[in-house]
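The chains referred to below are lettered A, B, ... by the order of the sequence lines, with proteins before strands, and numbering in each begins at 1.
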Amino acid sequence: MSDKPVQAAIEGWYTLDTDTPHLIGAKCDDCGTYYFPKNLSFCRNPNCEGETFSEVQLSRTGKIWSYTDACYKPPEPFVAEEPFVPYGIAAVELEKEQMIILGQTVKGVGPKDLKVGQEVELVLEPLHEDDESVKITWKWKPLG
Amino acid sequence: MSNDIAILGVGMHPWGKWGKNFSEYGVHAARAALKDAGIPWQDVGFVSGAATMRCGYPGYVAGATFAQALGWQGAQVNTSYAACASGSQALAAAQAKILAGECEVALVVGADTTPKGFLAPAKGYRPEDPDWLRFYLGITNPTYFALYARRRMDLFGDTEEDFARVKIKNSEHGFTNPNARYKKKFTMEDVMNSAMVADPLRLLQICATSDGGAAMIVSSMDYAKRLGKADAVRVAAVSTVTPTFASAVVEMPDIATDSAAAAGVEAHRFRAALPAKAYEQAGIGPEDVNVAEVYDLSSALEMDWYEDLQLCPRGEAAQLVRNGDTKLGGRLPVNPSGGLACFGEAVPAQALAQVCELTWQLRGEAGERQVEGARVGITANQGLFGHGSSVIVKK
């Protein structure tokens, strides 16, 4: 990795704590529904009229709901390495939040290493670099 | 039945990459539908167009664009946009007008010209737009199809060969369809040797985009009777329900599902809700269905639809494919047209093309791809942002 400064690819969506990073979501103060990306306006639970929310750190471990990879370079705004290297993708169920969140898997981990139900944790890894900084994002990494 | 409307005529412009203006495909299809119905254009009291977002302003006001191209004659006009369900929403608008007694006969039409290359989101740095966000993170359309396919493999024991069998079946069905774009019978070897796009899906298991146009002439049952067509195929249901909170399946273009953590909230599958409402509207059940046209954006997704349409219990779709049940000549043929595998997707026309096919099937006019004795057919499709549809037609 280069010695450029590290920056969040999307500001304010995850803590930059390198050991135990968390996604930053929101929780409705009235009904307890979680949101990621965070929603701070009107609760979308049809039974709830909530309009106030608290920022919360979401669970940083979960179980794989499903997984795949990207064998071809996606179009912009994706910024690809040259030459393009395929990467894994996992959809992960968070038990407490009762929701599924997508993300890439860490470098070197692809479909052959994964299974539905497997436990994974959230880590930070580069998404791409620009002239000024390395942009980091959340990725899923198998536990143990 | 008081809630039925008659399908007097159907017509299509063949799918392909023809490079013409979308309105030419729409007018070609509309004229074919008028001819099939045997009525003059001047009798149409309502023009219901499905919009395209890829062809500039004329596409946003597609209903008026088609009406002008056919010759302004003072009909009422409407344009619907609902992603992949746009055609069904245009049909629902016509159904409502007819059942409300505001018009007797309507033209429903959708057409598209697709650009070359990827459909990329608008430029800039816009993380608040879920479509922009997912591409930035490297999540494309095939990602979602592949997640559903891989989950089937791990939970139900489906194999890559099962998904290939769906593609092979559809390629055999569409082989003689004059409106299909791809007319090649693929073998297991062809499919399994095509490039991996998103594990476990290969290039030949993911649908392309196409140009095309489809149109229908629909009317009140009274009008059909006066025309001597009381036995016309009927639309018995048009379901265009939204999902119910909370979503159980991560859907394009979102990177997360809703949370089902709040008291009293359950996770729901959107795809299953669409046909459930259609069955309820038509007052029939899955056991009455003889033929289905479903949205095979990927070959594996067709198998999800079998279960969402309740044609078999959850997890058993692969057995239907292995038995040949959903092949022509089988117990319950699915995608006799060849499906998206043979057409490629022409978004605003596709849901209407599904109904056109079922109309030909129920009339016994489907030629070599005829499903013998078909009396009830159902369509299913799903698009972006909570849009989808299911239409039931019957004799």
Side-chain angles (χ1 to χ4, degrees), chain A residues 9-13 23 25 27-28 30-37 43-48 50 58 64-80 86-91 93-94 96-104 110-112 114-117 127-128 137-138, chain B residues 117-155 195-203 244-251 254-267:
Chain A
I10 309 167
E11 202 66 51
W13 283 34
L23 293 173
K27 187 179 180 187
C28 172
D30 285 2
C31 76
T33 293
Y34 291 89
Y35 290 93
F36 184 79
C43 187
R44 295 197 283 266
N45 174 355
N47 308 312
C48 179
L58 302 183
I64 289 186
W65 183 81
S66 193
Y67 54 96
T68 180
D69 61 6
C71 302
Y72 288 91
K73 186 170 88 172
E76 286 179 26
F78 187 78
V79 185
Y87 52 87
I89 295 167
E93 287 182 288
L94 306 184
K96 186 177 74 175
E97 293 82 357
Q98 291 287 299
M99 66 194 300
I100 300 170
I101 296 179
L102 289 184
Q104 291 189 22
K112 65 178 188 316
L114 304 171
K115 210 71 197 156
V116 168
L127 179 63
H128 67 94
T137 188
W138 77 92
Chain B
F118 276 110
L119 297 170
K123 295 208 186 295
Y125 180 81
R126 300 179 302 108
E128 71 289 349
D129 171 358
D131 209 36
W132 184 94
L133 175 71
R134 59 158 179 139
F135 279 105
Y136 183 53
L137 295 175
I139 292 161
T140 62
N141 297 14
T143 302
Y144 296 86
F145 312 148
L147 290 171
Y148 309 152
R150 178 53 73 174
R151 188 165 163 84
R152 295 194 63 86
M153 294 174 78
D154 279 15
L155 287 190
M196 190 67 87
V197 174
D199 183 290
L201 296 177
R202 296 169 185 277
L203 190 59
T244 297
F245 186 91
S247 56
V249 175
V250 63
E251 307 272 15
D254 295 326
I255 57 154
T257 59
D258 299 323
S259 150
V265 170
E266 274 176 61

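In terms of modelled atom types and a separation under 3.5 Å, the side chain of A/Gln104 and the main chain of B/Leu137 share a donor-acceptor contact. Panel note: side chain B/Thr140, backbone A/Pro74; no donor-acceptor pair is recorded below 3.5 Å. Using modelled atom types, no side-chain atom of A/Thr68 and backbone atom of B/Leu147 make a donor-acceptor pair closer than 3.5 Å. When atom types are taken as modelled, the side chain of B/Asp199 and the backbone of A/Asp69 share no donor-acceptor pair closer than 3.5 angstrom.
Heavy-atom distances place no part of B/Leu201 under 4.5 Å from chain A, backbone and side chain included. Proximity to chain B involves both the backbone and the side chain of A/Thr33, based on heavy atoms less than 4.5 angstrom apart. If you measure heavy-atom distances from A/Ala9 to chain B, the contacts under 4.5 Å come from both the backbone and the side chain. Contact annotation for A/Lys96: only backbone heavy atoms (N, CA, C, O) come within less than 4.5 Å of a heavy atom of chain B.
Among B/Gly138, B/Ser247, B/Ala248, the residue making the largest number of heavy-atom pairs under 4.5 Å with chain A is B/Gly138. Of the residues considered (B/Val265, B/Asp254, B/Leu133, B/Leu155), B/Leu133 shows the highest number of contacts with chain A, using heavy-atom pairs under 4.5 Å.
Between A/Trp65 atom CH2 and B/Arg150 atom CZ the span is 13.5 Å, to the nearest 0.5 Å. Expressed to the nearest 0.5 Å, how far CD of B/Glu128 lies from CD1 of A/Ile10 amounts to 10.5 Å.
Across every non-hydrogen atom of A/Asn45 and B/Ala262, the tightest pair is ND2-CB, 3.8 Å.
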